[in-house]
Amino acid sequence: MNYTIALIKGDGIGPEIVTSAVRVLEKVGQKFGHRFAFSEYLMGGCAIDACGTPLPEETVQGCLASDSVLLGAVGGPKWDKNPAALRPEKGLLGIRAALGLYTNLRPAKLYPALSAECPLRADIVEKGFDLMIVRELTGGIYFGERGRRDGKYGPEAYDTEAYSVMEIERIARVAFEAAKKRNGRLVSIDKANVLETSRLWRETMHRIAAEYPEVALSDMLVDNAAMQLVRCPSQFDVIVTSNMFGDILSDEASQITGSIGLLPSASLGDGTRGLYEPIHGSAPDIAGQDKANPIATILSAAMMLRYSFSLSAEADCIEGAVDRVLASGLRTADLIGAGKETPLGCTAMTDAILAAI
Ligand code: IPM
Ligand code: MG
């Protein structure tokens with residue numbers, strides 16, 4: 001089969017890690033007889049520099065015309081002081097909205113070979129964990145009304161969180177379907193003891209639960225969830241939560257896998273086109289030095305094959321290669337404790353994964 005893939009390399013380490021994932025896709029294409037045609041588009045800081053906007057219209061149109069999108073990362077100190085409309089992150093939020101990608105899947109599991117990298121206590125590590133965070137991606141406080149105004153005590157700023165029943169229902173169904181295919185346990189995370197949006201969220205989750213008798217739904221407050229993730233991560237199977245809580249909890253989940261450099265993500269809407277990106281940022285401090293860990297982006301490419309193209313054997317092949325490379329002891333710098341053996345760079349780690357494919 002032939003597939004068209006839009007590449008958004010972005011800023012910082014983005015170009016290096018996307019190049020790694022493209023090499024992996026090409027290798028898998030050769031092995032299984034698929035052709036991937038890539039076109040590159042600008043977004044983020046590089047787009048601000050080249051076109052004066054973080055999300056050029058050409059990028060939106062190019063993504064809409066492609067079967068799927070692979071993204072590196074955006075942002076960096078160069079644009080940190082820019083006004084809101086000219087921030088690299090505005091491009092990322094804009095493309096998620098423009099493509100209607102309301103679901104963000106962020107799997108996090110402990111590789112047995114990386115148990116020494118997990119910062120948790122040995123008895124917790126021993127139980128392992130394998131969870132999937134389903135994060136709502138185009139609503140909530142990220143997209144609510146915001147601004148500055150004169151308040152009671154002088155100038156103030158505000159951001160608002162709003163969720164419609166429709167937005168909660170559609171992410172609920174995605175999460176229940178995911179739980180049905182996994183171990184049938186779904187934890188919905190909210191702050192229903194304080195927030196009205198969370199109370200509507202909880203009500204709606206329970207109403208939709210009636211359609212899924214095979215899934216056991218429970219609720220957890222977000223503060224408790226942050227604690228439970230480090231106290232006993234093995235209790236979780238599928239987690240469903242709002243845009244901002246999902247952003248925060250997925251970074252926490254990445255740390256207990258050993259490194260944020262390992263976690264892929266898939267952003268999906270109603271069709272098969274998705275946007276696949278590592279959950280980590282553009283790491284400007286190590287950009288261009290061949291030090292980045294390409295695994296999160298390579299695993300994001302595997303998610304693309306699985307979710308957008310229904311190529312599960314091909315996705316398994318990439319994930320298996322990553323498993324074997326980690327099991328063989330090869331490590332990038334983010335996965336090595338001080339004083340241990342010399343780490344592999346981005347290119348050498350990619351070479352090792354290609355060899356394992
Ligand atoms: C993420 C990132 C983004 C988000 C930022 C860069 C806007 O942290 O994908 O987790 O908050 O969604
Ligand atoms: Mg984040």
Side-chain angles (χ1 to χ4, degrees), residues 84-85 87 89-90 92-94 96-106 131-180 185-213 215-231 235-253 265 267-270 279:
R87 288 190 62 97
E89 294 79 5
K90 182 93 185 162
L92 181 56
L93 300 181
R96 288 171 178 169
L99 302 180
L101 307 173
Y102 59 83
T103 297
N104 188 211
L105 303 178
R106 299 189 158 185
L131 57 91
M132 171 74 87
I133 298 180
V134 179
R135 170 189 177 194
E136 197 291 325
L137 201 62
T138 52
I141 198 164
Y142 273 55
F143 291 89
E145 209 184 302
R146 74 186 83 246
R148 303 277 174 116
R149 62 189 170 200
D150 283 328
K152 201 166 152 195
Y153 305 105
E156 63 178 27
Y158 63 97
D159 296 275
T160 48
E161 162 131 326
Y163 266 116
S164 64
V165 170
M166 181 281 287
E167 289 172 302
I168 305 169
E169 282 178 348
R170 67 183 182 183
I171 197 71
R173 291 205 168 85
V174 171
F176 278 103
E177 289 294 338
K180 208 164 103 176
R185 286 180 292 122
L186 177 62
V187 179
S188 168
I189 294 174
D190 62 34
K191 188 71 185 172
N193 52 348
V194 178
L195 303 177
E196 197 54 35
T197 41
S198 283
R199 287 189 274 268
L200 182 65
W201 180 280
R202 199 175 270 212
E203 244 171 75
T204 308
M205 285 290 157
H206 284 270
R207 184 162 44 73
I208 300 297
E211 297 170 22
Y212 297 89
V215 175
L217 170 70
S218 55
D219 306 296
M220 195 178 278
L221 295 172
V222 64
D223 48 351
N224 183 27
M227 182 175 78
Q228 296 299 335
L229 260 178
V230 289
R231 197 191 70 91
Q235 71 186 282
F236 294 107
D237 177 19
V238 178
I239 285 172
V240 62
T241 192
S242 65
N243 203 343
M244 186 157 75
F245 295 161
D247 176 47
I248 297 168
L249 294 175
S250 58
D251 269 28
E252 188 186 2
S265 86
S267 303
L268 303 165
D270 286 327
I279 81 154

Please report the interatomic distance [atom1]([X]) to [atom2]([Y]), rounded to the nearest 0.5 Å.
X: Glu169; Y: Met166; atom1: CD; atom2: CE; value: 9.0 Å
X: Asn243; Y: Glu167; atom1: CG; atom2: CD; value: 10.0 Å
X: Thr103; Y: Arg170; atom1: OG1; atom2: CZ; value: 7.5 Å
X: Arg106; Y: Leu249; atom1: CZ; atom2: CG; value: 11.0 Å
X: Asp237; Y: Met132; atom1: CG; atom2: CE; value: 9.5 Å
X: Leu195; Y: Ile141; atom1: CG; atom2: CD1; value: 8.5 Å

Any idea which heavy atoms bring [X] and [Y] closest together, and the distance?
X: Arg202; Y: Ala192; answer: NE-CB, 3.5 Å
X: Ile133; Y: Ser250; answer: CD1-CA, 3.6 Å
X: Leu200; Y: Tyr163; answer: CD2-O, 3.4 Å
X: Asp150; Y: Pro155; answer: OD1-CA, 4.2 Å
X: Arg207; Y: Val165; answer: NH2-CG1, 3.5 Å
X: Ile171; Y: Trp201; answer: CG2-CH2, 3.8 Å

Can you check whether Leu268 reaches Val174 side chain to side chain, under 4.5 Å on heavy atoms?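 The answer is no, as the side chains (C-beta and beyond) never meet within the 4.5 Å cut-off.
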Side-chain contact test, heavy atoms from C-beta onward, threshold under 4.5 Å: evaluate it for Glu136 versus Thr138 and give yes or no.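 Yes, at least one pair of side-chain atoms sits under 4.5 Å.
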Is it the case that the side chain of Arg185 and the backbone of Gln235 share a donor-acceptor pair, with hydrogens and angles ignored and the cut-off at 3.5 Å?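 Answer holds: yes.
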In plain terms, say whether Asp223 and Lys191 are close enough for a salt bridge, that is, a side-chain N and a carboxylate O under 4.0 Å apart.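 Judged by the 4.0 Å cut-off on N to carboxylate O distance, Asp223 and Lys191 do form a salt bridge.
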Please walk me through it: do Tyr212 and Leu186 pass side-chain contact (heavy atoms from CB on, under 4.5 Å)? CA-CA 11 Å; Tyr212 297 89; Leu186 177 62; over 6 Å; no
Please report the C-alpha distance between Leu221 and Asp190 in whole Å, then the side-chain angles of each, then the deciding distance to 0.1 Å, and finally whether the side-chain contact (heavy atoms from CB on, under 4.5 Å) criterion is met. CA-CA 5 Å; Leu221 295 172; Asp190 62 34; 3.6 Å; yes
Look at atom CZ of Arg149 and say whether more than 12 heavy atoms of other residues, nucleotides or ligands are closer to it than 6.0 Å.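 Enclosed: over 12 neighbouring heavy atoms sit under 6.0 Å from CZ of Arg149.
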Run the side-chain contact (heavy atoms from CB on, under 4.5 Å) test on Asn104 and Val134 for me, step by step, so that the C-alpha distance in whole Å, both residues' side-chain angles and the decisive distance to 0.1 Å come before the verdict. CA-CA 6 Å; Asn104 188 211; Val134 179; over 6 Å; no
Going through the distances and angles, do Val238 and Val215 end up as a side-chain contact (heavy atoms from CB on, under 4.5 Å)? CA-CA 10 Å; Val238 178; Val215 175; over 6 Å; no
